[in-house]
Amino acid sequence: SSGSGSPGAASGGDNGNASAAAPAANGGDDAGDVIKIGVFEPQTGENGGGGLQEVYGIRYANQQFPTVTVGGKEYKVELVEADNKSDKTEAVTAAQSLISSGCKVILGSYGSGVSIAAGEIFSDAQVPAIGCSCTNPQVTQGNDYYFRVCFLDPFQGTVMANYAAQEGAKTAAIITQLGDDYSSGLGNFFKNAFVKLAGEGSVVAEEQFQTNQTDFKAILTNIKAKNPDVIFAPSSIATAPLIIKQARELGIESKLMAGDTWENGSIIENAGDSAEGVALSTFFDEGDTSNQAAAEFIPGFKEYLKSINQDEIIPAVSALGYDAYLAAIKAIEAAGSVDSAAIRDALQGLSYEGVTGAISFNEEGDANKDMAFIKVIENGEFKFLKTVSVEAE
Amino acid sequence: MKKSTKYVCSLAVAVIAVALLFALDANKTGAGMLISILQKSAILAVVAVSMNLLNGFTGLFSLGQAGFMSIGAYITAILTIPVKNLDGVYYMSGIAPWLRALKEGMEASPSWLQAIYPFLAMIVGALVAAGFAALIGIPVLRLKSDYLAIATLGFSEIIRAIFSSPQMDQITNGSYGLNKVPTFPSVFGLPSLFTPFIVAAVSIALLVLLINSTYGRAFKAIREDEIAAEAMGINLFRHKEWSFVISSFFTAIAGGLLAMFMRSIEAKTFSITLTYDILLIVVIGGLGSVTGSVLSAFIVTASKEWWLRFFDQPLIIGGWQVPLFRTGFRMVIFSLLLMIVVLFYRQGLMGNKEFTWDGLARFFRKLGKKPAQAKGGAEG
Amino acid sequence: MSEVLRLENVTMQFGGVVAVNDLSLHVNQGEIVALIGPNGAGKTTAFNVITGVYTPTNGAIYFNGDLIVSNHPQGNMKKLYQGENRDKFPTVKVQTPDAITRLGVARTFQNIRLFKDLTVFENVLIAKHMRAKAGIFSATLRLNAKEEQAMRKETQNLLEILGLQDLSQEISGSLPYGQQRRLEIARALATNPSLLLLDEPAAGMNPQETDELTAFIRQIKDDYHLTVFMIEHHMDLVMEISDRIYVLDFGQTIAEGDPEEIQNNPRVIEAYLGVQEDA
Amino acid sequence: MLKISDLYVAYGGIEAVKGISLEVPDGAIVTLIGANGAGKSTTLRTICGLVKPKSGSISYLGEEITNVPTEQLVKKGITLVPEGRRVFPDLTVEENLKIGAYLRSGEDLTEDFKWIYDLFPRLKERSWQPAGTLSGGEQQMLAVGRALMGHPKLMMMDEPSLGLAPLVVQGIFDIIKEVHKQGVTILLIEQNANMALRIADYGYVLETGVITMDNTGAALLSNEEVRAAYLGKKRK
Amino acid sequence: MSLTTILQHCLTGISLGGAYALIAIGYTMVYGILRLINFAHGEIFMMAGYFMIFSMASIPWFISVPLVTAATIILGVAIERAAYKPLRTAPRMSIMISAIGVSYLLQNLATYLFTAIPKGYPEIPFLKKIFRIGDLSASLVTFLTPVLTIILVFLLMQLINHTKVGMAMRAVSKDFETSRLMGIKIDTIISITFVIGSALAAIGSILYFTDRMSVTPFSGTLPGLKCFVAAVFGGIGSIPGAVVGGFVIGVVETLLVAMGYSTFSDAFTFLLLIVMLLFRPTGLFGEKSTDKV
Ligand SMILES: Nc1ncnc2c1ncn2[C@@H]1O[C@H](COP(=O)(O)OP(=O)(O)OP(=O)(O)O)[C@@H](O)[C@H]1O
Ligand SMILES: Nc1ncnc2c1ncn2[C@@H]1O[C@H](COP(=O)(O)OP(=O)(O)OP(=O)(O)O)[C@@H](O)[C@H]1O
Ligand SMILES: [Mg+2]
Ligand SMILES: [Mg+2]
């Protein structure tokens with residue numbers, strides 16, 4: 001339940017605005033007791049859907065922990081959101097606007113591409129950024145100011161390849177989106193891992209599609225002809241239901257698998273029955289309440305989702321958003337300072353219990369995570385299947 | 001207005017602009033947003049003026065800007081990414097050995113040469129774009145109006161498809177895009193913040209000189225009436241080709257600047273939307289007005305990405321949350337403003353006129369007169 | 001007297017319409033020759049063929065003794081020309097309209113084709129462009145300042161001579177009709193032609209203005225040592241200034257001769273002039 | 001039939017017509033002459049509702065029509081043969097004629113076609129041809145024919161003889177007379193003032209937007225001032 | 001590639017082509033009459049998708065279909081009235097920017113109102129009924145799309161070539177002023193054009209989305225561009241051209257993807273278009289300009 005005392009939190013309704021974010025204008029005056037955290041997320045554009053869910057997690061976390069105490073002084077945490085529209089060109093100015101408005105830490109972004117683009121801005125300004133679900137290795141590489149709370153694509157690809165092999169798959173087809181680093185990257189990592197496990201020639205088809213494409217029948221018809229055991233199709237929320245439905249309509253019975261993006265209620269909603277049996281890896285499972293943080297988070301966030309008229313299925317990215325916010329707060333407290341550089345240093349040594357597991361950062365700034373959750377869609381719901389841990393290369 | 005007054009005014013503006021840049025440089029963090037917006041506007045202004053050369057002055061309706069920008073951007077990026085970052089950038093398929101060798105060779109050269117490499121890279125990019133334009137111009141420039149537009153748009157999309165294709169992975173890094181592009185180099189020992197403005201100013205100045213030259217007049221003649229222009233002894237094909245090639249050259253220069261500005265590029269950046277955005281800038285500024293293009297590059301960029309941003313934030317006045325204010329509202333407002341400008345300023349902000357001091361003086365005189373007239377009316 | 005222009009067996013066919021049919025004619029140095037004939041006789045088409053806008057289905061055209069046009073589809077013609085005889089004739093020479101203008105043939109258009117949004121001065125200045133020696137780079141970098149100066153000076157002079165100097169900064173599209181016609185002629189003159197083709201220069205002018213135009217054509221012909229070839233329906237004008245007249249009907253010459261002969265030629269009267277009511 | 005009083009028309013800042021008043025009686029031929037740019041075309045376009053007047057009034061058959069849309073005026077029987085012919089270039093000659101009778105829905109047009117084709121045999125030859133490829137004179141015939149197809153009561157013609165061969169010009173004037181005989185009132189603009197005044201019942205002389213003279217056609221024709229300004233020097 | 005696979009691809013291509021054709025007609029008609037590339041057409045199509053989602057939430061399909069068509073028509077005509085009509089006398093470029101503006105507005109409005117999260121498209125049960133012939137499998141809508149397209153186009157051609165409204169449309173497309181002098185109400189005629197274009201977009205949208213199941217604010221962008229290409233391919237302004245273009249683009253695109261060239265499928269589509277334009281500069285059935293010198 002909402003433990004927030006901030007104004008405006010209770011209202012919001014379907015506006016999706018139930019955050020404690022006060023307008024920048026009032027906040028600026030008494031900067032003394034306000035610390036700003038930037039939310040660098042796509043809320044519109046191609047990845048707007050996923051980005052928004054990540055923002056929900058962050059807003060909720062802010063509701064839960066609206067203040068942070070530094071050196072005995074209580075600071076109010078103010079979220080500054082900047083929509084990067086899933087667009088690299090816009091990402092630069094969006095990132096810049098966060099820096100300009102004085103954010104000390106940045107959270108985000110959904111979609112690695114924009115994170116990579118903005119990374120330079122953050123490191124130039126020496127403001128630490130904490131990625132939530134950006135799984136591309138490039139995000140943190142060579143950037144001392146970028147951290148992230150999720151695992152990486154090479155890991156995820158390997159996890160799914162292992163899972164496929166465990167399920168007895170001998171052949172696989174891969175569908176990726178052209179010009180999309182997440183999709184192409186994950187597809188590639190999967191391929192490498194799967195070929196290692198199942199031998200040369202086990203990947204029987206590699207198909208690509210264009211951004212905004214909505215018709216997958218042609219590539220699916222090709223795949224159907226190859227009759228693979230599994231189809232691995234890491235892609236965006238928007239394309240997922242199309243691929244699933246069109247595959248089933250063409251009579252393809254192979255097992256469909258994908259990465260974290262597919263863990264999204266809208267996919268089930270849109271793909272309906274066809275989605276049954278789809279498997280994916282993700283960061284979080286709402287059924288897993290073994291950890292204290294998660295046990296508290298799950299009911300509270302469900303309540304929150306309900307208050308903003310969203311499905312009560314917790315998307316993993318929301319959990320990551322929540323964790324990223326926690327990391328920021330904890331780092332500020334640990335740093336004992338509101339200075340960005342100090343916060344960065346504090347992040348480096350940070351270790352805490354997040355809702356997606358224990359989080360600490362390695363040299364690159366990546367979370368030391370060696371476990372992924374495999375989920376399967378069953379009866380119109382994401383069913384937790386098992387956790388898989390692999391030694392990431 | 002006297003000529004000397006005009007020079008003084010122009011000089012004053014130039015001095016103020018330079019002083020402003022120094023001030024911005026001194027306060028980089030505080031003015032980060034302003035700097036970003038100004039730099040982006042300067043870059044877009046170059047493309048807008050180049051597009052204006054083609055669409056506004058030569059009357060060739062071309063929608064291939066994004067493609068030519070991508071050529072400039074990719075070549076600049078590939079040539080300037082430091083060797084030490086290559087493995088990180090080309091993490092998936094590696095870089096082509098010859099390219100690596102070339103880049104290693106470049107880094108081994110004397111430092112004065114290295115200082116100008118970024119500019120050379122931009123020029124190489126621009127030359128490649130110009131060459132490509134010359135090539136496709138031969139068949140395409142025979143087409144008229146909308147057919148030309150769609151053909152150039154098609155070429156732009158083809159370029160994009162090539163850049164993002166898996167076959168080009170070792171050169172353009174295909175789907176993964178390029179990052180770790182160094183930011184603007186410095187020129188003449190000035191802070192690097194100045195660079196995009198200097199390059200933009202030089203590019204635009206050259207374009208203006210061209211437009212006002214005898215060739216520029218020939219371009220205008222073609223725009224007005226091709227048959228009459230031909231009857232005036234103007235070789236249609238040669239002049240159209242020049243206009244197309246030169247426009248592409250500067251468009252690619254802007255592409256190179258954009259790569260340095262964004263520091264990471266991918267093929268998606270150069271989709272048709274980018275061309276539409278530029279067309280928007282050109283038309284809002286006024287088709288056939290260089291100063292209009294420059295002005296509107298700034299106004300459009302700033303309002304879209306900066307001034308209107310508060311619409312995306314929830315607004316709470318005295319505890320009451322103003323409805324409508326939430327993410328996405330900014331773009332709705334932006335599109336509405338756009339529509340208003342288009343519907344009420346059909347000719348764009350400047351029409352086909354250029355900014356002149358006389359024009360400004362006239363404008364203020366008119367402003368001053370209006371209330372006076374109203375008074376006069378009341379008396380009478 | 002040397003021959004400036006010669007048409008030999010020129011045929012121009014549009015689909016089924018034969019606009020110009022086996023037309024042969026010539027224009028001598030220093031003459032004013034008029035081309036008259038009913039509407040749709042093919043006069044404008046003949047001009048378009050001479051200036052390279054259309055390429056004839058058949059025939060050849062000589063300018064100052066050089067073959068400038070022969071029946072090879074080119075320029076705008078490629079689109080327009082649908083004749084069946086396309087492949088029958090050998091390719092001889094391809095001259096585009098701009099090249100023909102550079103040789104010294106200038107024209108005006110039946111439907112005025114000024115550069116409407118540009119000033120009077122610019123309209124004329126543009127005609128000087130083709131003689132400019134500077135390349136695009138030297139022109140951009142203003143290395144051709146001298147040449148540019150000269151072009152402007154010549155333009156200014158021409159406008160003064162033609163009495164258009166007061167209008168030089170006006171936007172040409174906003175001029176009254178008569179001035180526009182005058183400007184079109186000025187623009188054609190600026191290309192330094194030796195042969196001037198005028199397509200209905202007096203259209204839309206009242207008799208008074210037509211008189212002025214008559215004097216104007218005479219004057220420029222003498223001042224610029226021109227040969228004038230002119231299409232016109234105003235008989236007063238034609239009969240007054242032409243040295244010779246060709247009458248066209250259905251794309252063919254039905255008569256040729258001096259004004260006197262033409263006025264009394266029964267075929268011309270029947271096809272074109274009609275019975276002269278006394279004016 | 002048509003009455004204009006104190007009409008002002010401006011394009012942007014430029015006044016093209018400055019307070020003219022004129023009258024076209026039922027069944028008359030009235031002509032408007034004047035130099036280029038005097039505002040003749042503007043006047044006709046204003047009557048047709050293609051241009052909005054700044055002030056003044058226009059009435060037709062006693063009815064105020066100052067701001068009535070063009071389409072309705074056509075329905076009331078006013079038609080304009082526009083300056084520069086303006087045929088529909090991609091419609092065939094026959095379709096152009098058909099569209100002239102657009103408002104006469106459902107009526108049989110065979111008779112009308114016959115009438116027009118008799119007046120202009122040339123059009124019959126070319127009835128299949130896209131009008132855009134006709135020669136100037138042919139297009140003018142088509143424009144007149146098209147206007148006649150609407151059975152107008154008041155036909156306004158803007159320089160119908162522009163660019164026509166002498167024989168055809170005579171023909172056009174004959175047609176005007178013929179049409180007039182059939183009961184159509186005519187308001188005519190002509191550069192060929194000689195011929196226009198000869199057939200006109202009444203004439204107005206327009207100079208830079210103002211009417212400077214008006215009288216019967218014959219009177220104007222013999223007026224010295226008019227002769228000097230518009231009729232050119234007398235030739236034998 | 002087996003015969004079944006090839007047949008399956010052809011089926012997909014033809015069905016896609018049918019939907020493209022319906023949308024392409026909207027482009028071509030508006031272009032024909034206003035010389036305007038109606039960039040907003042793809043977004044009208046997208047909005048029709050959303051209309052259907054909301055309508056089917058509470059109303060059965062057989063009422064929803066006419067309702068959605070009507071709503072789309074209203075949207076199309078409203079856009080024309082608000083954004084294009086005031087610009088009748090403005091330079092061509094301004095109207096085009098106005099169209100781009102409308103397209104932005106609709107996209108942003110849809111994002112703002114419905115978020116970027118895809119919304120599931122409702123199923124019209126009988127349309128989704130799957131037929132299997134041997135190894136071929138396709139839903140009814142796949143077969144229905146091309147058939148319906150041909151029927152609608154035939155009716156449309158009758159309207160344009162053999163009715164008075166059609167002739168008026170052709171006249172208005174060339175010259176507003178003279179058309180008015182003929183007594184034609186040009187605003188009405190232009191509105192009729194938008195009515196037809198939008199109605200076809202609505203039907204196209206139903207067929208297209210039924211096959212593709214979800215709508216996002218960007219769903220209209222790519223089909224919009226493709227159909228525009230189709231219209232140009234066939235010769236913009238020509239309705240049979242748009243139809244042929246739609247089918248050609250649909251089939252070629254599908255086959256290219258099928259042959260494994262999906263990287264270049266869009267590029268090839270454009271290449272095809274460019275090659276066509278080089279041989280016929282005004283598209284397959286485009287009218288040659290009759291600009292007489
Ligand atoms: N581009 C074209 N396509 C088809 N037919 C054409 C074309 N140009 C001209 N014609 C035809 O050729 C014939 C001659 O036309 P042209 O314009 O030469 O006549 P003209 O003698 O100049 O007549 P006018 O005195 O009326 O201007 C006409 O019948 C016309 O229909
Ligand atoms: N659309 C327009 N915009 C601006 N000015 C115009 C426009 N149309 C006409 N004018 C101006 O209005 C004045 C009157 O023009 P109008 O066409 O009525 O003259 P006219 O008497 O018909 O001349 P002509 O004999 O050349 O046809 C001219 O000075 C002209 O330049
Ligand atoms: Mg002619
Ligand atoms: Mg007139």
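Per chain, numbering begins at 1; letters A, B, ... match sequence-line order.
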Applying the side-chain contact (heavy atoms from CB on, under 4.5 Å) criterion to Val278(A), which one of Leu256(A), Ile267(A), Ile243(A), Ile268(A) satisfies it?
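Only one option passes, and that is Leu256(A).
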Give me the ring orientation class for Tyr27(E) and His41(E): parallel if the planes are under 30° apart, tilted from 30 to 60°, perpendicular past 60°.
perpendicular
Ring geometry between Phe301(A) and Tyr304(A) (parallel below 30°, tilted from 30 to 60°, perpendicular above 60°)
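The rings of Tyr304(A) and Phe301(A) lie parallel, inter-plane angle below 30°.
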In terms of heavy-atom proximity below 4.5 Å to chain A, should [X] be classed as side chain, backbone, both, or neither?
X: Glu123(E); value: side chain
X: Ser265(E); value: both
X: Tyr112(E); value: neither
X: Ser15(E); value: neither
X: Thr254(E); value: both
X: Lys119(E); value: backbone

Which bit of Leu52(A) comes within less than 4.5 Å of chain E, counting heavy atoms only: side chain, backbone, both or neither?
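Contact with chain E involves the side chain of Leu52(A) alone.
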Can you say whether Ala238(A) sits under 4.5 Å from chain E via the side chain, the backbone, both, or neither, judging by heavy atoms?
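Both the backbone and the side chain of Ala238(A) come within 4.5 Å of chain E.
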Just by distance, do the side chain of [X] and the backbone of [Y] share a donor-acceptor pair under 3.5 Å?
X: Ser98(E); Y: Ala83(E); result: yes
X: Thr261(A); Y: Ser235(A); result: yes
X: Glu276(A); Y: Gly380(A); result: yes

Suppose the criterion is ring-ring contact (aromatic ring centres under 6.0 Å, His included): which pairs have a residue in residues 213-250 of chain A, not counting sequence neighbours?
Phe190(A)-Phe232(A), Phe209(A)-Phe216(A)
With Tyr121(E) via ring pair (Phe, Tyr, Trp, His ring centres under 6.0 Å) - residues at least two apart
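Tyr121(E) satisfies ring pair (Phe, Tyr, Trp, His ring centres under 6.0 Å) with Phe209(E) once adjacent residues are dropped.
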Would you name the heavy atoms of Asn84(A) and Ser109(A) that are closest together and state the gap between them?
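Closest approach of Asn84(A) to Ser109(A), heavy atoms only: ND2-OG, 3.2 Å.
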To check you understand the geometry: which heavy-atom pair defines the closest contact between Val114(A) and Phe40(A), and what is its length?
O-CE2, 3.7 Å
Picking from Gln53(A), Glu206(A), Gln210(A), which has the most non-hydrogen pairs under 4.5 angstrom with chain E?
Gln210(A)
Chain E shares the most heavy-atom pairs under 4.5 Å, among Glu207(A), Lys245(A), Gln208(A), with Lys245(A)
What residues, two or more places apart in sequence or in another chain, satisfy side chain to side chain contact (heavy atoms under 4.5 Å, CB included) together with Asn108(E)?
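Scan of Asn108(E) (side chain to side chain contact (heavy atoms under 4.5 Å, CB included), adjacent residues dropped) gives Met331(B), Val332(B), Ser335(B), Tyr104(E).
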Does anything in residues 248-255 of chain A get under 4.5 Å of chain E by heavy atoms, and if so which residues?
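The residues closer than 4.5 Å to chain E, in numerical order, are Glu249(A), Leu250(A), Gly251(A).
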